[in-house]
Protein chains: 2
Amino acid sequence: MCTLVRRIKVHHMRASAMADDVRLGVGLNVRRCRLAAGLTQASLAERMGVDRSYVSGLERGHRNPTVLTLWHLAEVLNVRVRDLVDGL
Amino acid sequence: MCTLVRRIKVHHMRASAMADDVRLGVGLNVRRCRLAAGLTQASLAERMGVDRSYVSGLERGHRNPTVLTLWHLAEVLNVRVRDLVDGL
DNA sequence: GTGTGACTACAAGTCCGTA
DNA sequence: ATACGGACTTGTAGTCACA
């Protein structure tokens, strides 16, 4: 499981900090694309067919979305998935 | 463009077929990058700290990895996450 | 218009094996 | 060296009421 990942992957940084960075990076990308599209969290959530609170948690880096979720986001935001993982 | 065509066709396809396309797309990208790095599934799995059977299922499009998993893959494969979501 | 904790269902990911 | 499966634990998806 992920405990193994931690043991192996800790080179110079703390594993939990890296994980947070990744999630927050995606969250900020989502927020940037959402605002660029002129959408509120509520309207984005409605177009995706998910709850607004999920979008909220996502943008704040509290969620670790799957590639399927990223793809749904990209569709609604009219961007590529790669734009949502920018900086990673 | 391919992505645009896909986005249009989406309205006429079953949702599960789209999901399969996304998962398989990631799987093929992973396989391509892994072979380019000269790694076996076993060595990739070991370096990531995940089970080898997971890598197998991933490359065959049977898995829906999270962004954290994609990031771990990218690190070990020495590529960017965007390279793993190429074509999406 | 957004942040948050608690919640259930189901998928992510493990560990064992087979071929 | 890889595909594939079963049974298992952990975590994500997705929701809700309330701040």
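Fair warning: this is a prediction, and the values are worked out from it, not measured in the lab. First the proteins, then the strands, lettered A, B, ... as listed; each starts at 1.
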**Q.** Nearest-angstrom distance from the residue atom CG of B:Leu58 to C1' of D:dA3
**A.** 14 Å

Q. B:Leu44 CG to D:dA1 P: how many Å, rounded?
A. 13 Å

Q: Looking only at non-hydrogen atoms, find the nearest pair between A:Asp86 and A:Asn29 and report the distance.
A: O-ND2, 3.0 Å

Q: Might you point out which heavy atoms bring A:Trp71 and A:Val81 nearest each other, and give the distance in Å?
A: CA-CG2, 3.8 Å

Q) Under 4.0 Å between a side-chain N/O of A:Thr69 and OP1 or OP2 of D:dA13, yes or no? A) yes

**Q.** Nearest to side-chain heavy atoms of A:Thr40, which nucleotide of C:dG3, C:dG1, D:dA3
**A.** C:dG1

**Q.** Among C:dG13, D:dA13, C:dT4, the nucleotide that comes nearest once only the side chain of A:His62 is considered
**A.** C:dT4

**Q.** Length of the line joining B:Glu59:CD and D:dC4:C1', which is rounded to integer Å
**A.** 14 Å

Q. OP1 or OP2 of C:dG3 less than 4.0 angstrom from a side-chain nitrogen or oxygen of A:Ser56, does that happen here?
A. yes

Q) A:Leu39 and A:Leu77: side chain to side chain contact (heavy atoms under 4.5 Å, CB included), yes or no, with the steps? A) CA-CA 9 Å; A:Leu39 297 174; A:Leu77 292 172; 4.2 Å; yes

Q: Go through the side-chain N and O atoms of A:Arg47 and A:Ser43 and say whether any donor and acceptor fall under 3.5 Å apart.
A: no

Q | Stem regions touching DNA chain C, defined by at least 3 consecutive Watson-Crick or wobble G-U pairs below 3.5 angstrom | A | C:3-19 with D:2-18

Q. Between A:Asn64 and D:dT12, is there a side-chain N or O to OP1/OP2 distance below 4.0 Å?
A. yes

Q. Think A:Arg31 has a side-chain N or O under 4.0 angstrom from the OP1 or OP2 of C:dG3?
A. yes

Q.
Heavy-atom nearest nucleotide on DNA chain D for B:Leu39 versus B:Thr66: which residue maps closer to 5'?
A. B:Leu39

Q: Please report the C-alpha distance between B:Asp83 and B:Arg80 in whole Å, then the side-chain angles of each, then the deciding distance to 0.1 Å, and finally whether the salt bridge (charged side-chain N to carboxylate O under 4.0 Å, His left out) criterion is met.
A: CA-CA 5 Å; B:Asp83 296 323; B:Arg80 297 200 192 95; 5.1 Å; no

Q.
Measure CZ/B:Arg34 against C1'/D:dA1 and give the value in whole Å, please.
A. 9 Å

Q: Return the value, rounded to whole Å, for the distance between atom NE2 of B:His72 and atom C1' of D:dG11.
A: 14 Å

**Q.** Distance test, side-chain N/O of A:Arg60 to OP1/OP2 of C:dG3, below 4.0 Å
**A.** yes

**Q.** Polar side-chain atom of A:Asn64 near backbone of B:Thr66 as donor-acceptor pair, under 3.5 Å
**A.** no

Q: For DNA chain C, find the residues of residues 47-54 of chain A with a heavy-atom distance under 4.0 Å and give them by number; none if there aren't any.
A: A:Arg52, A:Ser53

Q. With no angle test and no hydrogens, is the base of D:dG11 tied to the side chain of A:Arg63 by a donor-acceptor pair under 3.5 Å?
A. no

Q. With the threshold set at 4.0 Å, does a side-chain nitrogen-carboxylate oxygen contact exist between B:Glu59 and B:Arg34?
A. yes

Q: Provide, to the nearest angstrom, the distance between the CH2 atom belonging to B:Trp71 and the P atom belonging to C:dA12.
A: 21 Å

**Q.** Closest approach of B:Leu68 to A:Arg23 (non-hydrogen atoms, all atoms of both residues)
**A.** CD2-NH1, 3.6 Å

Q | ILVMFWY cluster, B:Leu44 and B:Leu28 together (side-chain gap under 4.5 Å) | A | no

Q | Heavy-atom pair of closest approach, residues B:Ser56 and B:Gln41 | A | CB-OE1, 3.6 Å

